[in-house]
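This report refers to the structure that appears directly beneath it.
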2 protein chains.
Amino acid sequence: MADGISSLKDVARAANVSVPTASRILRRKGIARFSEETCERVLQAAARLRYRPNMLVKGLQTGLTNTVGVMVPPFDSYWSSILYGIHDTLISLDYVPIVLWVWHRDDYSGKEPFDNLEPVHRLIDRRIDGAILWPPVTPEYYGHHEELASRNIPVVTIDHELPSQYGADSITTNEELGARIVADHLIKLGHRRIAHLGDVGLDTYSWSQGRRKYFEQQIAKVPGTSCIISERDKKVDGIEVAKKILTAKPRPTAVYAANDLLARYVYLAAAELNLRIPEDVSVVGFADLDFAPLMVPPLTTVRQKGYEIGCKAARLLLSRIQGKFVESENGSIKMDCELVVRGSTAPVPRNS
Amino acid sequence: MADGISSLKDVARAANVSVPTASRILRRKGIARFSEETCERVLQAAARLRYRPNMLVKGLQTGLTNTVGVMVPPFDSYWSSILYGIHDTLISLDYVPIVLWVWHRDDYSGKEPFDNLEPVHRLIDRRIDGAILWPPVTPEYYGHHEELASRNIPVVTIDHELPSQYGADSITTNEELGARIVADHLIKLGHRRIAHLGDVGLDTYSWSQGRRKYFEQQIAKVPGTSCIISERDKKVDGIEVAKKILTAKPRPTAVYAANDLLARYVYLAAAELNLRIPEDVSVVGFADLDFAPLMVPPLTTVRQKGYEIGCKAARLLLSRIQGKFVESENGSIKMDCELVVRGSTAPVPRNS
DNA sequence: CTGTTAGCGCATTCAC
DNA sequence: GTGAATGCGCTAACAG
């Protein structure tokens with residue numbers, strides 16, 4: 001009325017029935033037991049008044065709002081597709097997401113306090129049925145998970161497995177596979193001195209750790225092959241680190257960057273040093289972000305299945321919510337990934 | 001309790017007061033009139049039980065949910081920044097967005113029925129306080145706006161002005177300004193035969209219309225200058241249209257593409273035709289999407305202020321919601337934009 | 001076949 | 001200073 005949405009009461013009145021009757025007919029619950037004519041009256045009244053159910057009330061009563069909280073980092077095309085996957089799956093099952101972008105102002109460097117529970121509270125106050133989280137991995141952040149877990153709100157994390165005490169499901173890219181296909185590719189091309197450029201704070205991002213660890217393992221398998229590990233420092237520009245790698249003596253013949261953004265730093269450093277890619281150094285990235293094919297030369301990289309990850313995350317969450325698997329053991333899905341070979345990798349030059 | 005969130009009743013009981021008392025103290029309303037000690041008890045109980053207010057109830061009672069619906073097209077970096085702007089502004093004012101991505105599976109070609117009201121209903125059923133919409137412009141779509149307008153839900157549209165009957169506010173890029181700066185730039189470089197490549201279905205997107213119309217006007221002001229208009233056809237690949245432009249006799253010396261994606265088609269067509277950019281043709285885009293600086297050569301384009309647009313859209317909406325300007329006239333904000341000159345434009349070659 | 005009663009969690013009167 | 005009563009819009013349990 002006041003706000004332009006007629007209530008069930010209005011419908012009932014217009015159809016000359018009681019409120020519960022209207023309710024039951026509109027939700028076709030036990031509808032069989034009503035007279036044709038009554039049903040008609042109610043249905044028509046509802047249509048005429050353009051009745052819409054109030055999900056707030058439904059939430060109040062059933063404790064379920066068909067709403068899911070999503071906390072993600074800033075966009076890159078990987079996270080965009082994850083969001084699409086989440087969105088589509090939720091929508092198809094009659095849920096909606098409330099997406100909160102956390103810390104997109106800074107470079108995740110911790111300027112915003114990690115223990116700020118305000119975003120989770122926003123979601124909890126709206127009684128979300130569950131949450132999909134990108135968990136910054138520093139322990140201080142675990143307050144968020146405490147908060148959700150202690151309220152029995154199901155959680156699925158993407159790209160990080162939480163300690164089991166939080167009882168969250170997770171979905172991550174199969175980093176071991178990724179490491180293997182990159183290593184195989186480079187080894188096959190003849191590379192033996194390979195550098196790995198990791199992301200800022202190896203302890204901060206678990207995927208960064210995994211990416212490096214598994215890669216080292218793979219490389220270690222091949223005799224005569226060495227793996228130089230560097231990581232982008234919080235304070236130092238990525239390009240500086242990349243330059244350090246490329247000026248090492250002897251220079252590595254290939255650089256595997258833990259993600260496409262880091263690969264870009266390698267490109268920039270190479271340009272400054274007058275090194276050609278891939279003639280002088282091969283470069284491999286990770287993620288296959290949208291700009292990867294546009295780089296010059298186009299970047300060889302590992303494609304993560306963002307959309308599918310999003311879909312699975314949502315499906316996982318909803319089956320938790322709907323109690324489809326109440327088993328206490330939490331699920332942990334690994335998605336596969338694939339190498340996209342483009343122009344930034346080539347056989348090792350002879351004189352190296 | 002059952003779902004892990006204690007209610008006000010729990011707090012009241014724990015603090016040995018009545019529910020209304022707890023309510024008032026926690027919302028510090030008329031708090032002055034309570035004894036220090038009672039306040040303490042309530043506050044402590046709330047903290048201990050980790051009480052969180054139930055916004056569903058608040059919504060039920062006040063009619064306001066502090067939730068805003070957002071319907072946007074698929075991501076590109078322009079829309080990403082718009083979303084950021086919306087998000088940040090909403091958050092800072094204690095609202096949250098429910099973002100629905102419409103039609104991102106296809107190329108807006110109308111495969112999904114335009115009259116599908118299901119997404120709006122999802123939002124309405126959750127009693128959003130207002131909505132920010134990217135309005136596909138075909139008239140069939142106006143059902144969405146009917147639906148919202150007739151329920152007195154404030155609406156702000158981005159990049160399109162709705163017929164005034166819908167009473168929506170809008171915020172768009174100042175297309176006239178954009179056209180002027182592009183025209184000025186090209187004219188100054190000596191270009192006289194300039195092609196404009198518009199987006200599919202000139203009638204479908206109002207910004208596309210504006211972009212073309214204003215550009216023609218600007219060009220018309222300079223004697224001896226001609227403007228060739230093309231548009232990407234729904235059925236034809238963009239690259240084909242671009243090729244047609246570049247093989248026209250006499251060939252235009254510059255192409256102004258209505259957005260950066262179209263500019264990419266021009267690049268591809270030029271490559272196929274062995275034309276160099278900018279030596280043989282200059283190219284200008286629109287939007288300054290994230291890949292524009294990465295193109296080879298980097299694209300000269302018009303930067304739209306996505307983030308600011310998002311912020312203003314949200315602020316506009318919230319002031320409507322909060323009744324800050326009840327005047328019936330609807331607001332229409334135009335954002336300015338600026339030319340980013342990069343490597344894809346150059347003075348006209350002599351022999352042209 | 002349909003209406004009455006109660007209650008979800010809370011805020012807003014109004015009383016004591 | 002504080003508690004009891006009422007109602008938001010709706011559903012579920014119980015009466016007829």
Side-chain angles (χ1 to χ4, degrees), chain A residues 1-43 45-46 49-66 124-129 151, chain B residues 1-43 45-46 49-66 124-129 151:
Chain A
M1 279 284 292
D3 63 357
I5 309 188
S6 27
S7 69
L8 191 57
K9 192 149 92 187
D10 299 328
V11 176
R13 189 166 23 224
N16 239 316
V17 296
S18 71
V19 171
T21 299
S23 168
R24 297 207 281 260
I25 292 180
L26 287 176
R27 285 174 305 135
R28 44 220 78 202
K29 216 176 180 184
I31 198 174
R33 311 176 305 146
F34 291 98
S35 77
E36 268 296 312
E37 197 246 327
T38 313
C39 291
E40 263 311 296
R41 274 205 334 268
V42 170
L43 258 16
L49 296 175
R50 301 190 310 147
Y51 171 73
R52 286 268 100 206
N54 188 331
M55 298 212 29
L56 301 177
V57 174
K58 190 224 156 214
L60 235 187
Q61 293 178 152
T62 64
L64 292 175
T65 53
N66 280 40
I124 293 177
D125 293 356
R126 285 175 177 80
R127 299 300 188 262
I128 50 166
D129 294 336
R151 298 177 191 281
Chain B
M1 277 287 289
D3 63 355
I5 308 187
S6 27
S7 70
L8 192 57
K9 192 150 91 189
D10 300 328
V11 176
R13 190 168 19 227
N16 238 316
V17 295
S18 70
V19 171
T21 298
S23 168
R24 297 208 277 260
I25 292 179
L26 287 176
R27 286 173 306 134
R28 47 220 76 204
K29 218 176 178 183
I31 198 173
R33 310 175 306 145
F34 292 98
S35 76
E36 268 297 309
E37 197 247 328
T38 313
C39 291
E40 263 311 294
R41 276 208 328 272
V42 170
L43 259 15
L49 297 174
R50 300 189 311 144
Y51 170 74
R52 286 267 100 206
N54 188 330
M55 298 213 29
L56 301 177
V57 174
K58 190 225 157 215
L60 236 187
Q61 292 176 154
T62 65
L64 293 175
T65 54
N66 279 41
I124 293 177
D125 293 357
R126 285 173 179 77
R127 297 301 186 266
I128 51 166
D129 295 337
R151 298 177 191 281

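Treat the numbers as computed from the prediction; the structure is a model and nothing was measured. Lettering follows sequence order; numbering is per chain, from 1. Basis for what follows: all heavy atoms, side chains included, without hydrogens, waters or symmetry-related copies.
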Whole-Å distance, A:N16 CG to C:dC1 P, equals 18 Å
Those residues at least two apart in sequence (or on a different chain) that pass side-chain hydrogen bond (donor to acceptor under 3.5 Å, both in side chains) with A:R50 are B:E147, B:S150
Below the 4.0 Å mark, does D:dC8 have OP1 or OP2 next to a side-chain nitrogen or oxygen of A:S7? no
Sorted by chain and residue number, the side-chain hydrogen bond (donor to acceptor under 3.5 Å, both in side chains) partners of B:N54 (sequence neighbours excluded) come out as none
So OG of B:S23 and CG of B:L8: to nearest 0.5 Å the spacing works out to 5.5 Å
Between CZ of A:R13 and P of C:dG3 the distance, given in whole Å, is 14 Å
To the nearest 10 degrees, the angle between the two end axes of the helix from C:dC1-D:dG16 to C:dC16-D:dG1 (five pairs per end) comes to 50°
B:K9 NZ to D:dA4 P, in whole Å, measures 13 Å
Rounding to 0.5 Å, atoms CZ (B:R127) and CG (A:L56) come to a distance of 7.0 Å
Should B:R41 and B:V17 be marked as a side chain to side chain contact (heavy atoms under 4.5 Å, CB included) after you check the CA-CA gap, both sets of side-chain angles, and the distance that decides it? CA-CA 9 Å; B:R41 276 208 328 272; B:V17 295; 3.6 Å; yes
Atom CZ of B:R127 and atom P of D:dC8 are separated, to the nearest Å, by 15 Å
Atom CG of B:N54 and atom C1' of D:dC8 are separated, to the nearest Å, by 13 Å
Between CE of A:M55 and P of D:dC8 the distance, given in whole Å, is 21 Å
Ignoring backbone atoms, establish whether A:T21 has a side-chain N or O less than 4.0 Å from OP1 or OP2 of C:dG3. yes
Atom CZ of B:R41 and atom C1' of D:dG3 are separated, to the nearest Å, by 13 Å
Whole-Å distance, A:L60 CG to C:dA11 C1', equals 13 Å
In short, salt bridge (Lys or Arg N to Asp or Glu O under 4.0 Å) pairs touching residues 51-62 of chain A with sequence neighbours left out are A:R52-B:D125
Which of D:dG3, D:dG1, D:dC10 is nearest the side chain of B:F34? It is D:dG1
With the side chain defined as heavy atoms from C-beta on, A:S35 is closest, among C:dG3, D:dG1, C:dT2, to C:dT2
dist B:L43:CG -> B:L26:CG (nearest 0.5 Å) comes out at 6.5 Å
Residues at least two apart in sequence or cross-chain that pass side-chain hydrogen bond (donor to acceptor under 3.5 Å, both in side chains) with A:T62, listed by chain then number, are none
Quick note, A:T38 side chain, CB onward, closest among C:dC8, C:dC1, D:dG9 is C:dC1
Tabulate atom names and distances for all N/O pairs under 3.5 angstrom spanning the protein and nucleotides 11-14 of chain D.
residue: D:dT11; atom: OP1; partner: A:R27; partner atom: NE; Å: 3.4
residue: D:dT11; atom: OP2; partner: A:S23; partner atom: OG; Å: 2.5
residue: D:dT11; atom: O4'; partner: A:Q61; partner atom: OE1; Å: 3.3
residue: D:dT11; atom: O4'; partner: A:Q61; partner atom: NE2; Å: 2.7
residue: D:dA12; atom: OP2; partner: A:R27; partner atom: NH1; Å: 3.3
residue: D:dA13; atom: N6; partner: A:R24; partner atom: NH1; Å: 3.4

Rounded to the nearest 0.5 Å, the CZ atom of A:F34 sits from the CD1 atom of A:I25 at a distance of 5.0 Å
